[in-house]
Amino acid sequence: MTSHNDTLFTRAQQSTPGGVNSPVRAFRSVGGTPRFITRAEGPYFWDADDHRYIDYIGSWGPAIVGHAHPDVVRAVQEAAARGLSFGAPTEGEIDMAELICQLVPSIEQVRLVSSGTEAAMSALRLARGATGRDMIVKFEGCYHGHADSLLVKAGSGLLTFGNPTSAGVPEDFAKHTLVLDYNDPQQLEDVFARMGDRIACVIVEPVAGNMNLLRATPAFLQAMRRLCTQHGAVLIFDEVMSGFRVARGGAQSLYDIKPDLTVLGKVIGGGLPVAAFGGRADLMKHLAPLGGVYQAGTLSGNPVTVAAGMATLKLIQAPGFYENLSAQTEKLVQGLQTAANDQGIDFCADAVGGMFGLYFRKEQPTSYATMMTCDKEAFNRFFHAMLDAGVYLAPSAFEAGFVSAQHDDAILEATFAAARKAFSALK
Ligand SMILES: *Cc1c(COP(=O)(O)O)cnc(C)c1O
């Protein structure tokens with residue numbers, strides 16, 4: 001029997017590079033044929049061969065209330081019926097800005113855009129424009145979208161400027177980006193001592209979700225906050241993934257640290273393209289039309305996408321929403337740990353709010369370097385065994401996973417049953 005997924009993948013590769021519109025979807029890291037999704041509901045989606053999967057990606061985070069939630073679908077349909085886009089302001093954009101400012105107290109003013117990449121790129125430009133400095137600091141393993149200045153990896157040594165990680169990024173861009181080690185406050189101290197007056201901003205994922213899940217240590221983020229304040233640099237928390245995902249107030253509420261700017265995305269669009277950047281009003285006033293930092297977007301604050309985002313942000317404010325989400329995610333990682341232990345597999349797992357990481361190694365990784373020592377081959381075999389059993393994990397050993405409010409105990413039990421078999425096949 002021919003697989004519709006295979007047929008679609010063959011066809012897709014004729015008209016689209018690699019057959020996908022975003023690289024990780026191509027299954028290159030785990031091998032095999034990507035699943036083409038036809039529909040989704042609650043904690044499930046179905047592929048072109050009508051196989052049902054328990055989904056632990058949730059569109060890489062946005063589907064926090066579960067797929068096709070009736071409130072979100074209704075909000076989108078009603079907004080669409082009133083017109084798709086006007087290129088003029090709407091009241092819904094004010095509602096969303098007010099709600100974001102209320103839920104994330106470090107944000108005094110916010111601007112809506114259409115992707116996390118665009119939001120992070122704009123926040124960098126704002127930080128550079130407001131400080132009059134060029135240099136930015138980022139950390140190895142953090143992802144902030146694919147703006148040129150951010151596709152940079154560490155140079156040959158500390159205090160050497162970065163190298164592009166992508167063809168097409170001029171060395172001249174990379175030379176303004178310094179790439180440091182995550183969770184190394186001493187390195188940050190040294191860099192600020194040497195060149196603090198040239199640093200426009202430090203950008204960080206306060207809970208990293210793009211090198212698998214990696215928690216920042218409080219000491220790391222506290223040092224960052226103190227050094228940025230001392231040296232007049234802008235502290236940017238990229239909470240595109242962690243925002244409204246690890247807690248109602250984002251990672252900054254868990255660590256009790258106020259960044260100067262915050263970048264948001266994923267959950268705030270509820271599955272449609274909405275992202276945002278915001279923070280201190282005295283910084284935000286540098287943006288056009290008030291100030292000299294240019295930034296714009298034809299579809300920014302689009303009425304349909306904002307409606308989806310607002311419906312989602314309403315649902316996550318339900319009493320107990322994050323308590324329940326965190327409890328289910330914790331139960332998930334504990335159940336997987338038990339299943340792995342029973343088979344004697346080197347494995348550990350971690351969860352923060354509705355986000356989790358699976359690590360094929362004995363101990364919890366605490367840095368990018370230790371994360372890279374996870375057994376990728378074991379993950380890939382586990383991934384395919386889970387996929388065959390109807391559980392869809394992120395198709396890479398170095399991506400985080402996501403739980404939705406629709407992942408109830410029965411869904412977790414079905415996941416554990418699949419995991420017991422998948423782990424035993426690894427022996
Ligand atoms: C997903 C992500 C981005 C990029 O967002 P897009 O909407 O894919 O452009 C930026 N930063 C972080 C932390 C992300 O997880």
Side-chain angles (χ1 to χ4, degrees), residues 96-139 142-145 147 149-150 176-178 188 192 196 199-208 216 220-246 249-268 274-288 290-297 300-301:
M96 182 167 246
E98 288 174 350
L99 184 57
I100 290 172
C101 293
Q102 180 203 322
L103 293 173
V104 185
S106 72
I107 301 182
E108 296 168 354
Q109 286 206 324
V110 63
R111 181 156 282 174
L112 302 183
V113 296
S114 302
S115 75
T117 291
E118 197 188 347
M121 176 190 79
S122 305
L124 283 191
R125 186 181 306 132
L126 174 58
R128 284 169 158 162
T131 57
R133 303 172 182 176
D134 288 339
M135 206 164 112
I136 66 174
V137 172
K138 78 176 286 280
F139 301 94
C142 285
Y143 178 66
H144 306 292
S149 302
L150 293 167
H176 297 296
T177 304
L178 201 52
L188 206 53
F192 268 97
I199 297 173
C201 64
V202 177
I203 185 167
V204 68
E205 287 183 76
V207 170
F220 175 55
L221 295 181
Q222 284 157 5
M224 206 180 292
R225 176 64 282 178
R226 175 172 46 77
L227 290 163
C228 283
T229 304
Q230 271 171 16
H231 294 268
V234 176
L235 177 58
I236 305 174
F237 274 9
D238 181 348
E239 298 225 45
V240 170
M241 189 179 277
S242 58
F244 308 111
R245 167 55 67 180
V246 299
Q252 55 196 271
S253 70
L254 294 180
Y255 287 88
D256 196 21
I257 292 176
K258 267 192 169 182
D260 302 304
L261 294 177
T262 299
V263 186
L264 295 168
K266 297 196 166 101
V267 169
I268 66 166
V274 185
F277 64 104
R280 280 167 36 200
D282 65 301
L283 286 174
M284 294 299 284
K285 76 171 198 301
H286 287 277
L287 281 179
L290 298 180
V293 178
Y294 191 69
Q295 186 278 329
S300 293

Side chain to side chain, L126 and Q295, heavy atoms closer than 4.5 Å
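A side-chain contact is absent here, since even the closest heavy-atom pair is not under 4.5 Å.
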Nearest non-hydrogen partners of [X] and [Y], listed with the distance:
X    : Y    : value
A127 : I236 : CB-CD1, 4.2 Å
G250 : V246 : C-CG2, 3.7 Å
P206 : A216 : O-CB, 3.2 Å
A130 : L283 : CB-CD2, 3.7 Å
C101 : V110 : SG-CG1, 4.4 Å
A276 : L112 : CB-CD2, 3.9 Å

Test of understanding: with ring pair (Phe, Tyr, Trp, His ring centres under 6.0 Å), list the residues that count as partners of H231, not counting sequence neighbours.
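Only F192 meet the ring pair (Phe, Tyr, Trp, His ring centres under 6.0 Å) criterion with H231.
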Residues 118-125 side chain polar contacts: donor-acceptor under 3.5 Å, at least two apart:
from, atom 1, to, atom 2, distance (Å)
E118, OE1, S114, N, 3.0
S122, OG, E118, O, 2.7
R125, NH1, Y294, O, 2.8

Taking the six-membered ring for Trp and the full ring for Phe, Tyr or His, determine whether the centres of F220 and F139 are under 6.0 Å apart.
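Centroid separation for F220 and F139: below 6.0 Å.
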Report the residues that fulfil salt bridge (Lys or Arg N to Asp or Glu O under 4.0 Å) with D282, sequence neighbours left out, ordered by chain and then residue number.
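Residues passing salt bridge (Lys or Arg N to Asp or Glu O under 4.0 Å) with D282: R280.
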Under the rule for side-chain hydrogen bond (donor to acceptor under 3.5 Å, both in side chains), what residues qualify as partners of T229, not counting sequence neighbours?
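For T229 the side-chain hydrogen bond (donor to acceptor under 3.5 Å, both in side chains) partners, ignoring immediate neighbours, are R225.
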For R128, enumerate each residue passing the side-chain contact (heavy atoms from CB on, under 4.5 Å) test, keeping only those at least two apart in sequence or located in another chain.
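I136, S149, H176, A200.
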Contacts of S106 that satisfy side-chain contact (heavy atoms from CB on, under 4.5 Å) - sequence neighbours left out
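For S106 the side-chain contact (heavy atoms from CB on, under 4.5 Å) partners, ignoring immediate neighbours, are V104, Q252, K258, P259, T262.
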Going through the checks in order, is the side chain to side chain contact (heavy atoms under 4.5 Å, CB included) test met by F244 and L264?
CA-CA 9 Å; F244 308 111; L264 295 168; 4.1 Å; yes
